[in-house]
Amino acid sequence: RLTPLARGKYLMFSAPDGIFLSDVLKELTLFLNTHADAGAVCAKFYNENGTFHNRYKKFLSLFSIVFGGQLYIGKHWAGKFYHRMLKLKEEPQQPVLIDQCPHLAFLCRREALHFPDVVDPNIASAACDYDMCKGVYERGYKIYLVPSAKIVHFRGVASGLWESDIAKERHILGTLHYFKKHHPWKFYPLKLIMVIDEFVLLMRNRTKR
């Protein structure tokens, strides 16, 4: 809600579950200053044990939601295999184009964002990351991962603040609003798929009892 009050050339988005390992702001700002096509840049993520944390994914699609591990009916089919296909193939050592990433260290040009609602209030959870990144590309800009900007991501800290049922509801509603906004003709098929998925999960839980 405070984002529209910012008056800077660039806007920085961060989260409480990340620790900067380098001068992240300097590295990201330098890249934006020297690459006019870049609408946003992000840092390179690491796990707590120092390994590369690959959280850079392609934009959402019906196929990726079903087979990318987001739904119960996909997790036990090709979910794990396809989930790997959605990410970067290897750890980048040079700046590389990406579709989407979590906003742990995300620096954007003002012109690449939608004001006054930079963060769509109808799109919550992880879907808001997809929505903002989608908007950057729709405004004619690109998004880069800058490896010299490094950050440790403590997974589950931010999402763990929500109860599981609330987090699930936010995720489902946010994803539906994302599709209604960017892919309206896919909205109703997705809604039907999600209803079927919840029914299958309900039947599974009843059978276990």
Pairs satisfying side-chain hydrogen bond (donor to acceptor under 3.5 Å, both in side chains), at least one member in residues 29-41, at least two apart: Y10-N33, D37-Y144
Nearest heavy-atom pair of H103 and C128: which atoms, and what distance? CE1-O, 4.2 Å
Atom NZ of residue position K191 - does it have more than 12 heavy atoms of other residues, nucleotides or ligands inside 6.0 Å? no
F45: what forms a ring pair (Phe, Tyr, Trp, His ring centres under 6.0 Å) with it, not counting sequence neighbours? Y56
Taking the side chain as C-beta and beyond, is there a heavy-atom pair between I143 and F106 under 4.5 Å? yes
Is there a side-chain contact between C108 and Y141, using heavy atoms and a 4.5 Å cut-off? no
Mind checking what makes ring pair (Phe, Tyr, Trp, His ring centres under 6.0 Å) contact with F199, not counting sequence neighbours? none
Can any side-chain N or O of N49 pair as donor or acceptor with the backbone N or O of T51 at less than 3.5 Å? yes
Rounded to the nearest 0.5 angstrom, the CD-OG distance for Q94 and S148 is 9.0 Å
Quick check: do L107 and F31 have side-chain heavy atoms less than 4.5 Å from each other? no
Under a 4.5 Å side-chain heavy-atom rule over Ile, Leu, Val, Met, Phe, Trp and Tyr, are L173 and L201 clustered together? no
Salt bridge (Lys or Arg N to Asp or Glu O under 4.0 Å) partners for D99, two or more places apart: none
Please report the shortest heavy-atom distance between R55 and P102, naming the atom on each side. O-CD, 3.2 Å
Taken in chain and number order and not counting sequence neighbours, the residues that satisfy salt bridge (Lys or Arg N to Asp or Glu O under 4.0 Å) with E91 are K44
Could you give all pairs that pass the salt bridge (Lys or Arg N to Asp or Glu O under 4.0 Å) test and reach residues 175-185, with sequence neighbours left out? D120-K181, D131-K181
Separation of D197 CG from I172 CD1 (nearest 0.5 Å): 8.0 Å
So, using salt bridge (Lys or Arg N to Asp or Glu O under 4.0 Å) as the criterion, who are the partners of E111 when residues are at least two apart? none
A quick test of your reading: do over 12 heavy atoms of other residues, nucleotides or ligands sit less than 6.0 Å from OH of Y188? no
How close do G8 and R110 get, heavy atom to heavy atom, and via which atoms? O-CD, 2.6 Å
Under a single-linkage definition using a 4.5 Å side-chain heavy-atom cutoff for Ile, Leu, Val, Met, Phe, Trp and Tyr, are V200 and L202 assigned to the same hydrophobic cluster? no
Got L62 and F179 here, is their nearest side-chain heavy-atom distance under 4.5 Å? yes
Give a yes or no answer on whether the side chain of D129 reaches the backbone of Q100 with a donor-acceptor pair at less than 3.5 Å. no
Rounded distance [0.5 Å steps], OH in Y130 versus SG in C101: 10.5 Å
Pairwise side-chain contact, H183 with L190, heavy-atom cut-off 4.5 Å (strictly under): no
Hey, what do you get for OH (Y178) to CG (N122), rounding to the nearest 0.5 Å? 15.0 Å
Listed by chain and number, what are the ring pair (Phe, Tyr, Trp, His ring centres under 6.0 Å) partners of H177, not counting sequence neighbours? none
Residues that, via side-chain heavy atoms closer than 4.5 angstrom, fall in one hydrophobic cluster with L30: none
Taking the side chain as every heavy atom from C-beta outward, state whether L11 and L113 have any pair of such atoms under 4.5 Å apart. yes
Rounded at 0.5 Å granularity, tell me how far CG in L21 sits from CD1 in I151. 8.0 Å
Say whether, by atom type as modelled, one donor and one acceptor occur between the side chain of S14 and the main chain of L104 under 3.5 angstrom. yes
The reported gap from NE2 in H171 to CG in L176 (rounded to nearest 0.5 angstrom) is 9.5 Å
Taking C-beta and beyond as the side chain, do F59 and H182 meet within less than 4.5 Å on heavy atoms? no
On a heavy-atom basis, the closest approach of P147 and L145 is CD-O, 3.4 Å
Looking at L28 and A149, what are the two nearest heavy atoms and their distance? CD2-CB, 3.8 Å
Which residues pass the ring pair (Phe, Tyr, Trp, His ring centres under 6.0 Å) test with H114, not counting sequence neighbours? none
Closest heavy-atom pair and its distance - I98, C42: CD1-SG, 3.5 Å
List the residues meeting side chain to side chain contact (heavy atoms under 4.5 Å, CB included) with S22, not counting sequence neighbours, and say none if there are none. V24, K150
